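Throughout, protein chains are lettered first and strands after them, A, B, ... in sequence-line order, and every chain is numbered starting at 1. Note that the coordinates shown come from a computational prediction; the quantities given were computed from them, not determined experimentally.
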Amino acid sequence: MPELPEVETTRRGVEPLVVGKRLRSIVVREPRLRWPVSLPDSLPGQRLLSVTRRAKYLLFVFEEGVLILHLGMSGSLRVLPDETPYLKHDHLALIFEGERSLRLHDPRRFGSAHWQPVDAGGEALEAAGRHRLLSGLGIEPLDPAFDGAYLKTRARGRRLAVKNFIMDGTVVVGVGNIYANEALFLAGIRPTVQAGRVSLAGYEVLSRRIREVLGSAIQMGGTTLRDFVNQDGNPGYFRQVLNVYDRAGEPCPLCGQPLKGIRLGGRATVYCSKCQRAQGFRP
DNA sequence: ACTGGCTCCTGAGGGC
DNA sequence: TGCCCTCAGGAGCCAG
């Protein structure tokens, strides 16, 4: 379940290994991902110009279009010599010049791969942004324009739980279940409060915490030993730095009271009923 | 316009 | 030890 920090770490790990290289061939070993994988015959022969990211989508910008990859919740990428045997669940391989093979490994197949062509002279990322999977996405959490005022405006009149609200990708992208739980804990806001009832001050703290928790996880990803060339393309979580996620019943790190575990929108939700209140109170 | 629920899939983990 | 069962989760989609 790569969250945004893992996707960004993957991007940074893979980019220097393949950017600038020409694609030789594609192997689709299992087209049945979340949507059937269908890539054009014109893709081999194109040079890879850059690897960027929008939300949890990785964008491989080629000369004539953009390959849009999503890692779902069990996907990972590795770059290996082409002669390396395939593993079970290696569904897609992009073989670049120099016999480097970029492989998508995804046991649960919630991931996806799409091709978005770019007209000659057109701007690739703009074109990718028009893809149906990307066109409705909200702001990036690390964008400076993502702040309390933005969240407050978007939350006006909305009655869903604030946790579900910040996990809504049309509002802000990349806030998965783990980091939603963590950010709400750090902000002192109870996950079940209606989004429209959280104050501007509450959203100012929350937006800052979201940025911090995602930003520091990306930093950690950069400093954690993670090898995209050998076996370990699969980023692990940093459970030791998580305050509440997967810790229902354990003592609250702040007050010691047992953390409460509930389900919200079908997702595991953990919070401290003493430290997390309707408006939050931690600056 | 909103909201909550369903869905895809496999591996991990619990129970016995 | 080993088998069987349950369940988690990203996010698009749909029904109410």
Could you tell me whether the phosphate oxygens of [N], OP1 or OP2, come under 4.0 Å of any side-chain nitrogen or oxygen in [X]?
{"X": "H70(A)", "N": "dG12(C)", "answer": "no"}
{"X": "Y57(A)", "N": "dG12(C)", "answer": "yes"}
{"X": "Y245(A)", "N": "dG9(C)", "answer": "yes"}
{"X": "R158(A)", "N": "dT3(B)", "answer": "yes"}

Under 4.0 Å between any heavy atoms, over every strand shown, what does [X] touch: base, sugar-phosphate, or nothing? Just pick one.
{"X": "L71(A)", "answer": "nothing"}
{"X": "R109(A)", "answer": "sugar-phosphate"}
{"X": "R267(A)", "answer": "base"}
{"X": "R32(A)", "answer": "nothing"}

Which whole-number value in Å describes the distance from [X] [atom1] to [N] [atom2]?
{"X": "L133(A)", "N": "dG10(C)", "atom1": "CG", "atom2": "P", "value": "17 Å"}
{"X": "L58(A)", "N": "dG10(C)", "atom1": "CG", "atom2": "C1'", "value": "14 Å"}
{"X": "Y179(A)", "N": "dA11(C)", "atom1": "OH", "atom2": "C1'", "value": "18 Å"}
{"X": "R263(A)", "N": "dA8(C)", "atom1": "CZ", "atom2": "C1'", "value": "7 Å"}
{"X": "N177(A)", "N": "dA8(C)", "atom1": "CG", "atom2": "P", "value": "11 Å"}
{"X": "H131(A)", "N": "dA11(C)", "atom1": "NE2", "atom2": "C1'", "value": "14 Å"}
{"X": "R108(A)", "N": "dG9(C)", "atom1": "CZ", "atom2": "P", "value": "10 Å"}
{"X": "D106(A)", "N": "dC8(B)", "atom1": "CG", "atom2": "C1'", "value": "11 Å"}

Salt-bridge test for [X] and [Y]: reply yes if a basic N is under 4.0 Å from a carboxylate O, no otherwise.
{"X": "E8(A)", "Y": "R12(A)", "result": "yes"}
{"X": "R47(A)", "Y": "E97(A)", "result": "yes"}
{"X": "R78(A)", "Y": "D90(A)", "result": "yes"}

- When only distance counts, do a donor and an acceptor, one from the side chain of R159(A) and one from the base of dA1(B), lie under 3.5 Å apart? no
The side chain of [X] is closest to which nucleotide in this list: [options]?
{"X": "R34(A)", "options": "dG4(B), dA11(C), dC9(B)", "value": "dA11(C)"}
{"X": "A268(A)", "options": "dA11(C), dG12(C), dG9(C)", "value": "dG9(C)"}
{"X": "N164(A)", "options": "dG10(C), dG4(B), dT10(B)", "value": "dG4(B)"}

- Message: How about CZ on R29(A), more than 12 heavy atoms from neighbouring residues, nucleotides or ligands closer than 6.0 Å, or not?
- Response: yes
- Query: Hey, is CZ on R22(A) packed in by over 12 heavy atoms from elsewhere, all under 6.0 Å?
  - Reply: yes
- Query: Between F96(A) and F62(A), how do the two ring planes meet: parallel, tilted or perpendicular, split at 30° and 60°?
  - Reply: parallel
- Message: I'd like to check, for F110(A), whether its ring lies over the base of dG10(C) with centroids under 5.5 Å apart and a plane angle smaller than 30°.
- Response: yes
